Amino acid sequence: MGCLFIASLLLLVVSSIADEATKGQGRKKRFIIEEMAAKHDVLRELLAERGWVEQTNKKNPIFDFKWTWAPDRVGKLGPKSTQIVNQFINVHEVSLKEALIGNLKKLAKQDSTIDLDSFFPRAYELTPQERPKFIDDFHATAQRSLRNADCLHSEALEDAQLDLNQNIGVATTSSRQSIDGDRNIWIVKPGTGARGIGIRLFDNLDTLFAYTDSQPSSYIVQKYVEKPMLIQNKKFDIRQFVLVTGLDPLTIFFFEDCYLRFTSTDYDLSNIADLFAHLTNHQIQKDSPTFHETDIPESQWSLPQFKQHLQELHPNSTDDIWLKRIRPRIEEIIITSLRSWPKKGHRDYSFQILGYDILLDEHLNPYLLEINGNPGLHMLTDIVRPHHRNFQDNMLQVLLDHRAIWSDPKNEQRNFGNLTLIYRDKDSFVGSWMKWLRS
């Protein structure tokens, strides 16, 4: 007991010394970057351009900014510390699939205005409590799928096209049909996994449970969106970066750029075992035999390429489809999902980069697939190199250059480079801004 008390006291003393040292006048700011899989030379360069100096001893508690890959790498920080770190201690509440499902369902119970099914395909943890609910849903969906097989396509697609060109609201029935489809396909994912590892698709209950019950890890199951939007007959998702600078109050910055990640194989529901046709994760696609043979270089598109494609698809639309229809809905998804993040992990000088994976269905309705708490910043392709560099520079503008501006609730500036402050608890500008976008 005495040893534990002494150890705790020493931690507090070291933390206090570090706090005071970081406040020293006349010295250069110091940063620590810990690396595992990705190199962060761009971040080093951007900090050095601001006159910051790298602390080469990674264990030194005296620093002003620390970048690492997991919350348990942050170290002990004093309650009044102004040291900036890139991890909230409870990021798992939104980045782990099983935790996100539970938190979203809890939020939907607390707020009756939230229609979870409208942006998050139905999902279940395969626990003794949730498993019977999933089985019931599987059988009910099977019945709907039989009906959908006869009437899904022509009229629904014509109505959706009319709605788009006239900028009318989303058709709920068509949205549900896009998810359910006519094959009753479900996707299973490890509840704590990442990078596409362990993900499989099933349309048979027995084979699904044979797979999940044989695995050592816990699994979640989610309705597979059977009718996604396709480009060149390829499935894709949108990787959208978000910067969260506080949980209490919840403070969210939206990055104005994003990019698309494609499969390397044509979409084919008759072969759900072919992950190259169904999963867009780069870690999966880079091993595809056709990865370097598609008409989409490196299986990625920039946002301007996508916007041009939308305009070509809908030449009669007078609106910017991305700006007026897709982006506002993605922002609503981001805000709603992050409202489910428990505030107990808040720390004033912590922040988190989140990588949202968003899927569009055939009617351009966006759906949240998952949230990555540690999105890769690898400089691997011509698309992500400028995207990642721009994001990191804008991130430092928010965190270091302009903190005094955005942290002042009375200040009305919302744009910092390509990062836009879209939400802060008790702020009223969000709703009016979204209404302006739709007007």
Side-chain angles (χ1 to χ4, degrees), residues 120-123 141 144-145 148-154 156-158 160-161 164 174-189 195-204 207-208 221-240 258-302 305-306 308-310 312-314 321 326 356-370 381 383:
F120 190 64
R122 305 186 306 282
T141 305
R144 287 196 301 271
S145 296
N148 288 346
D150 297 326
C151 62
L152 177 64
H153 297 287
S154 59
L157 289 176
E158 289 175 6
Q161 176 65 43
L164 178 62
S174 297
S175 304
R176 182 65 172 265
Q177 288 176 335
S178 295
I179 296 177
D180 286 352
D182 52 21
R183 290 286 308 277
N184 197 21
I185 297 171
W186 294 74
I187 185 168
V188 298
K189 309 175 184 179
R195 297 179 298 173
I197 298 172
I199 297 179
R200 297 290 186 276
L201 275 63
F202 296 95
D203 57 7
N204 179 280
T207 55
L208 186 155
V221 60
Q222 189 167 31
K223 185 63 189 71
Y224 188 63
V225 180
E226 296 188 22
K227 303 287 183 180
M229 179 183 180
L230 302 178
I231 295 177
Q232 298 182 20
N233 209 33
K234 303 287 192 304
K235 181 181 173 182
F236 68 92
D237 69 9
I238 298 169
R239 170 54 65 90
Q240 176 66 58
C258 62
Y259 58 95
L260 275 58
R261 309 181 304 173
F262 291 84
T263 60
S264 56
T265 304
D266 285 357
Y267 187 66
D268 183 7
L269 285 179
S270 68
N271 185 5
I272 59 176
D274 183 3
L275 298 184
F276 297 134
H278 296 283
L279 303 185
T280 63
N281 308 62
H282 179 77
Q283 294 298 321
I284 297 289
Q285 292 298 326
K286 67 182 178 62
D287 295 325
S288 168
T290 60
F291 180 67
H292 297 289
E293 300 173 6
T294 70
D295 293 332
I296 302 174
E298 299 172 312
S299 294
Q300 292 180 345
W301 264 10
S302 66
Q305 286 176 292
F306 182 48
Q308 180 180 347
H309 178 75
L310 291 172
E312 291 170 354
L313 280 181
H314 308 286
I321 297 171
I326 301 174
Y356 271 72
D357 292 341
I358 302 290
L359 179 76
L360 300 181
D361 70 10
E362 60 185 346
H363 308 305
L364 301 184
N365 299 310
Y367 292 92
L368 170 62
L369 298 181
E370 59 185 70
T381 70
I383 296 297

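Please read these numbers as outputs of a predicted model, since none were measured by experiment.
- With sequence neighbours excluded, the residues that form a side chain to side chain donor-acceptor pair (under 3.5 Å) with Asp237 are Arg261, Thr280.
- Under the salt bridge (charged side-chain N to carboxylate O under 4.0 Å, His left out) criterion, Lys235 pairs with no residue at all, not counting sequence neighbours.
- By the ring-ring contact (aromatic ring centres under 6.0 Å, His included) test, Tyr356 is found to be paired with no residue, residues two or more places apart in sequence or in another chain being considered.
- The CG atom of Leu260 lies 5.5 Å from the CD1 atom of Ile238; values are rounded to the nearest 0.5 Å.
- Counting only residues at least two apart or on different chains, the salt bridge (charged side-chain N to carboxylate O under 4.0 Å, His left out) pairs with a member in residues 266-285 are Lys234-Asp266.
- The side-chain heavy atoms of Leu310 and Leu364, taken from C-beta on, include a pair separated by under 4.5 Å.
- Residues meeting the ring-ring contact (aromatic ring centres under 6.0 Å, His included) test with Phe202, sequence neighbours left out: Tyr211.
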(message) Working note: Arg122 + Trp186, criterion side-chain contact (heavy atoms from CB on, under 4.5 Å); need CA distance, chi angles, decisive distance, verdict.
(response) CA-CA 10 Å; Arg122 305 186 306 282; Trp186 294 74; 4.1 Å; yes
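- Under the 3.5 Å distance criterion, the side-chain polar atoms of His278 are left unmatched by any main-chain donor or acceptor of Thr263.
- Distance alone, capped at 3.5 Å, is enough to place a donor-acceptor pair between the Gln222 side chain and the Pro121 backbone.
- Residues Asp295 and Phe262 have side chains not in contact (no heavy-atom distance under 4.5 Å, counting atoms from C-beta outward).
- For Glu226, the side chain to side chain donor-acceptor pair (under 3.5 Å) test picks out Lys223, with sequence neighbours left out.
- The side chain to side chain contact (heavy atoms under 4.5 Å, CB included) search around Gln308 returns Glu312, not counting sequence neighbours.
- Scored by the side chain to side chain contact (heavy atoms under 4.5 Å, CB included) test, Ser302 finds Pro304, Gln305, Ile383 as partners (sequence neighbours excluded).
- For Arg183, the salt bridge (charged side-chain N to carboxylate O under 4.0 Å, His left out) test picks out Asp203, with sequence neighbours left out.
- Separation of atoms OH (Tyr367) and CG (Asn365) is listed at 5.0 Å; rounding is to 0.5 Å.
- With sequence neighbours excluded, the residues that form a side chain to side chain donor-acceptor pair (under 3.5 Å) with Arg239 are Asp357.
- For Gln300, the side chain to side chain donor-acceptor pair (under 3.5 Å) partners two or more places apart in sequence, or in a different chain, are Thr381.
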